[in-house]
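Counting starts at 1 for both ligands and their atoms, following the listed order. For this chain, numbers begin at 1 and follow the sequence in order.
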Amino acid sequence: MAETTALSAELREGIRRVGEADIVVGIPSFRNAGTIGHVATVAAEGLRRHFGDARVAIVNADGGSEDGTTDRVRASADGVPAVAGRYQGRSGKGSAFRAIFEAVGLLGARACAVVDSDLRSITPEWIERLVGPIVRGEAEYVTPLYARHKYDGTITNTIAYPLTRALYGARIRQPIGGEFGFSSRLASTYVSEPVWDTDVARFGIDIFMTTTALVGGARIAQAFLGAKIHDPKDPGADLGPMFTQVVGTLLALARRPEAVAIWSGVSGSRDVPVIGEIRPVEPEAVNASMSILIDKFQAGAQTEGRVWDALLGADVRATIEEAVKAGHVGAIDDELWARTVYDIVAAARDRDDTEVLARALLPVYFARVAALIDEVKELDSAGAERHVEAQALAFERFKPSLVERWSASEPSRA
Ligand SMILES: Nc1nc2c(ncn2[C@@H]2O[C@H](COP(=O)(O)OP(=O)(O)OP(=O)(O)O)[C@@H](O)[C@H]2O)c(=O)[nH]1
Ligand SMILES: [Mg+2]
């Protein structure tokens with residue numbers, strides 16, 4: 001049965017001891033003893049330096065680490081009251097956030113920032129940039145804007161950014177960046193949603209937060225944070241489950257009537273205000289193995305081929321098939337990828353097994369990442385960014401076909 005709270009007795013007791021706070025920094029963790037002490041120290045410094053007059057607290061919700069992660073937080077908070085302990089319920093980053101949202105309510109806080117526990121490039125200014133706009137009433141939801149290596153953030157670059165932008169019309173460059181600021185009102189909205197036994201409890205949390213803010217009409221701003229340097233992941237080797245959780249959640253939210261009512265009326269996109277000056281920074285290199293990506297694309301074609309036959313338009317399906325046979329992904333360009341994604345989104349109109357749909361898209365994602373890496377391998381960050389923008393425009397160009405199919409009495413394939 002689904003838990004009604006993510007707060008364990010341990011976290012509840014910690015919150016009781018802290019009493020009240022105006023501003024909270026939340027840190028989710030699972031086995032991050034090596035990096036979380038630094039994050040907690042910098043967060044405490046940011047709270048003290050920028051919100052010295054306010055009551056502040058750090059809340060670390062952990063997934064049951066046995067490496068001393070929570071001890072590191074308590075030892076590193078530098079005099080800022082810290083609550084650190086295990087959350088309860090389904091394992092995953094989202095359950096940790098649920099506990100943080102609940103803590104925000106119990107502490108009576110106005111504003112909260114969340115930051116990942118594996119960050120190495122966090123500075124005290126990050127806390128100000130994420131929370132300041134909320135405290136000043138300039139925004140209800142703040143997403144991060146940072147330079148990431150061109151091979152990092154591939155789920156963001158290939159789907160979370162372009163699809164969120166095309167659907168809801170807002171150019172939020174890092175909708176699943178992991179660092180966010182939000183109001184207490186938004187925190188209580190999140191807690192009240194019946195999503196905590198879905199993939200929102202895992203890596204679906206970030207896209208859930210951003211989409212809920214968009215659909216609810218929250219004022220959104222982007223905070224420039226410099227470079228994101230964290231424990232890197234190789235897209236082919238590490239990102240399969242995360243992709244399914246993020247995309248399954250994105251589809252599940254997009255098919256809700258209140259979301260359809262909004263995105264079906266959106267064409268094109270608009271800028272979202274940026275807080276802080278955007279300075280060029282070069283992030284640390286992230287490794288991406290081309291051969292793993294191609295292998296997973298070809299292996300996925302075996303397991304997903306039947307689903308592709310049923311859901312993809314004939315020429316999209318044929319182009320993918322040729323790429324599988326050739327072991328060459330050049331044809332999986334931004335247009336082909338946008339059309340593939342929309343065939344899958346359109347299928348979500350009449351079926352709620354969105355994780356099955358997301359899994360069908362996964363092998364094509366691997367191919368698209370391989371193609372994108374090939375497109376940008378000789379380019380610097382700015383050059384790579386132009387490819388991400390071009391792809392986002394392709395999603396906007398094909399959006400009308402999705403709207404048309406969604407409103408047709410019978411779904412049809414492009
Ligand atoms: N409590 C809990 N936290 C988790 C779990 N998995 C990940 N986290 C935390 O969630 C944060 C993000 O996880 P990462 O593995 O760094 O994910 P990422 O690929 O960096 O994600 P992005 O930054 O969005 O690209 C980190 O602070 C993790 O410690 C989990 O199962 N339980
Ligand atoms: Mg990380």
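- When hydrogens are left out, the protein atom nearest atom 26 (C) of ligand 1 is S117 OG, 3.5 Å; that is the closest non-hydrogen contact.
- Less than 4.0 angstrom separates some heavy atom of A61 from each of these atoms of ligand 1: 1 (N).
- The closest approach of D118 to the Mg ion (ligand 2), by N/O/S atoms, is made by OD2.
- No salt bridge links R368 with D334; every basic N to acidic carboxylate O contact stays at or beyond 4.0 Å.
- Remark: E389 does not engage R171 in a salt bridge, criterion side-chain N to carboxylate O under 4.0 Å.
- In the displayed structure, R90 atom CZ is contacted under 6.0 Å by more than 12 heavy atoms of other residues, nucleotides or ligands.
- Of all the heavy atoms of I27, none lies under 4.0 Å from any atom of ligand 1, so neither backbone nor side chain is involved.
- The part of H230 lying near ligand 1 is the side chain, judged by heavy-atom distances below 4.0 Å.
- In summary, E20 and R55 engage in a salt bridge, as defined by a charged side-chain N under 4.0 Å from a carboxylate O.
- S29 and N60 form a side-chain donor-acceptor contact under 3.5 Å, judged by distance and modelled atom types alone.
- In terms of protein heavy-atom proximity, atom 6 (N) of ligand 1 is closest to F203 CZ, 3.8 Å.
- The protein non-hydrogen atom at the shortest distance from atom 2 (C) of ligand 1 is S29 O, 3.0 Å.
- Between F395 and Y342, the distance separating the two ring centers is shorter than 6.0 angstrom.
- Contacts between A96 and ligand 1 below 4.0 angstrom, taking non-hydrogen atoms only, involve the side chain exclusively.
- Remark: R49 engages E45 in a salt bridge, criterion side-chain N to carboxylate O under 4.0 Å.
- Here the shortest heavy-atom pairing between A323 and I332 reads CB-CD1, 4.0 Å.
- In terms of distance to the Mg ion (ligand 2), the nearest N, O or S atom of H230 is named ND1.
- For atom 31 (O) of ligand 1, the closest heavy atom belonging to the protein is G92 CA, 3.3 Å.
- The protein heavy-atom contact nearest to atom 21 (O) of ligand 1 is M242 CE, 3.8 Å.
- Comment: E128 engages R136 in a salt bridge, judged by a side-chain N to carboxylate O separation of less than 4.0 angstrom.
- Under 4.0 Å from ligand 1, not a single heavy atom of S95 appears.
- Checking D118, I155, L119 against atom 16 (O) of ligand 1, the nearest heavy atom belongs to D118.
- Scanning all protein heavy atoms for the shortest distance to atom 8 (N) of ligand 1 gives K93 CB, 3.9 Å.
- By the 3.5 Å distance cut-off applied to N or O atoms, D206 is not counted among the residues near ligand 1.
- Taking a cutoff of 4.0 Å between a charged side-chain nitrogen and a carboxylate oxygen, R17 and E13 qualify as a salt bridge.
- Classified by interplanar angle (parallel below 30°, tilted 30° to 60°, perpendicular above 60°), the ring pair W263/W406 is perpendicular.
- Residue-level proximity to ligand 1 for R148 is carried by the side chain, the only part with a heavy atom below 4.0 angstrom.
- Using a 4.0 Å cut-off between a side-chain N of Lys or Arg and a carboxylate O of Asp or Glu, D206 and K93 qualify as a salt bridge.
- A salt bridge does not link D343 to R317: none of the charged side-chain nitrogens sits closer than 4.0 Å to a carboxylate oxygen.
- Using cut-offs of 30° and 60° for the angle between ring planes, the W337 and Y365 rings count as tilted.
- Distances shorter than 4.0 angstrom do not occur between any heavy atom of G153 and any atom of ligand 1.
- Residue Y87 has at least one heavy-atom neighbour below 4.0 Å for each of these atoms of ligand 1: 1 (N), 2 (C), 32 (N).
- Classification of R165 and E396 as a salt-bridged pair holds, one side-chain N sitting under 4.0 Å from a carboxylate O.
- Scanning the protein heavy atoms around atom 23 (O) of ligand 1, the nearest turns out to be K228 NZ, 2.7 Å.
- Close approach to G63 involves these atoms of ligand 1, each under 4.0 Å from a residue heavy atom: 1 (N).
- Residue contacts with ligand 1, taken as heavy atom pairs separated by less than 4.0 Å, involve K233 solely via side-chain atoms from C-beta onward.
- In this structure, the protein non-hydrogen atom closest to atom 11 (C) of ligand 1 is D116 OD1, 3.3 Å.
- Close approach of ligand 1 to F30 is summarised as follows: ligand atoms under 4.0 Å from at least one heavy atom of the residue are 2 (C), 3 (N), 4 (C), 5 (C), 29 (O), 30 (C), 32 (N).
- Of the polar atoms of D62, none of the N or O atoms is found under 3.5 Å from an N or O of ligand 1, judged by distance alone.
- Taking any N or O of L239, backbone or side chain, none lies under 3.5 Å from an N or O belonging to ligand 1.
- With ligand atoms numbered from 1 in the order given, ligand 1 contributes 23 (O), 24 (O) to contacts under 4.0 Å with heavy atoms of G177.
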